[in-house]
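First up is the structure itself, then whatever we jot down about it.
Nothing fancy with the numbering, it's 1 onward along the sequence. Since this is a predicted model, take the numbers as computed values, not measurements.
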Amino acid sequence: MTLAEVEKTYIDDLNMLEDWFLQYEYLLEISSDLPKFSDQEKTDANKVKGCQSGVWLNLSNDDDIVHVQADSDALIIRGILAIIVGIFDGQSKAEIDSFEPSFIEKTNIKNQISTDRFNGINSVISTIKNYAKAI
């Protein structure tokens, strides 16, 4: 699946759940798909700057395929990170470079999180995109 197709699946799933509490439950449910980072992985080098909550990324690559792992100490952010990981993990650097995610704007998420958290999520996406450009 392309990044846009994967993202559309998440958008459709969230928008099908019209009530924010159901969307919140969905985010909590998919957050359990993310493996938790060990204390050794929660380093300053892996920490995403600009996030209100603790957010850590582990980025690696095989040739031009980017692998994304993420964790947060905030459950709702873990759910949003699960979407980001679902979209970007295993994609090529060229696909990541040319893709601009819109799931936050096309769902109710932006209305439910603070500006600081919104900026933090954008920082996560920028970190992934910058990593893909650099490899």
Open item on the list: Count I, L, V, M, F, W, Y as connected when their side-chain heavy atoms are under 4.5 Å apart, and connections chain through other members. Are I65 and I125 then in the same cluster?
Closed with: no
Task: Residue pair K42 / D71, side-chain heavy-atom distance below 4.5 Å - done: yes
Task: Exceeds 12 heavy-atom contacts within 6.0 angstrom, atom CD of E18 - done: no
Open item on the list: Are I128 and I135 linked, directly or through intermediate hydrophobic residues, by side-chain heavy-atom contacts shorter than 4.5 Å (ILVMFWY only)?
Closed with: yes
Task: Neighbour count above 12 (heavy atom, 6.0 Å) for D44 CG - done: no
TODO: Taking salt bridge (charged side-chain N to carboxylate O under 4.0 Å, His left out) as the test, write out the residues that go with D97, two or more places apart.
DONE: K133
Open item on the list: Could you work out, with side-chain contact (heavy atoms from CB on, under 4.5 Å) as the rule, every residue matching T115, not counting sequence neighbours?
Closed with: N119
Task: N/O donor-acceptor pair under 3.5 Å between Q91 side chain and I96 backbone - done: no
Task: Minimal non-hydrogen separation, F88 against P101, with atom names - done: CZ-CG, 3.9 Å
Open item on the list: Contact between I109 and L14 at the side-chain level, heavy atoms closer than 4.5 Å - yes or no?
Closed with: yes
Task: Non-neighbouring partners of K8 that pass salt bridge (charged side-chain N to carboxylate O under 4.0 Å, His left out), sequence neighbours left out - done: D12
Task: Heavy-atom closest pair, residues V6 and G86 - done: CG1-O, 3.3 Å
Open item on the list: Taking V68's backbone N and O only, do any of them form a donor-acceptor pair with D89's side chain (distance below 3.5 Å, no angle check)?
Closed with: yes
Task: Residues which pass side-chain contact (heavy atoms from CB on, under 4.5 Å) with Q40, listed by chain and number, not counting sequence neighbours - done: S38
Task: All salt bridge (charged side-chain N to carboxylate O under 4.0 Å, His left out) counterparts of K129, not counting sequence neighbours - done: E100
TODO: Could you check if a side-chain atom of D19 sits within less than 4.5 angstrom of a side-chain atom of Y24, using non-hydrogen atoms only?
DONE: no
TODO: Answer yes or no: is there a donor N or O on one side and an acceptor on the other, between the side chain of E7 and the main chain of S102, under 3.5 Å?
DONE: yes
Open item on the list: Using a 3.5 Å distance criterion without hydrogens, assess whether the side chain of S72 forms a donor-acceptor pair with backbone atoms of R78.
Closed with: no
TODO: List, by chain and then residue number, the residues other than F37 in its hydrophobic cluster (Ile/Leu/Val/Met/Phe/Trp/Tyr, side-chain heavy atoms under 4.5 Å); write none if there are no others.
DONE: W56
Open item on the list: For the CD atom on Q112, are there more than 12 heavy atoms of other groups (residues, nucleotides or ligands in this structure) within a distance under 6.0 Å?
Closed with: yes
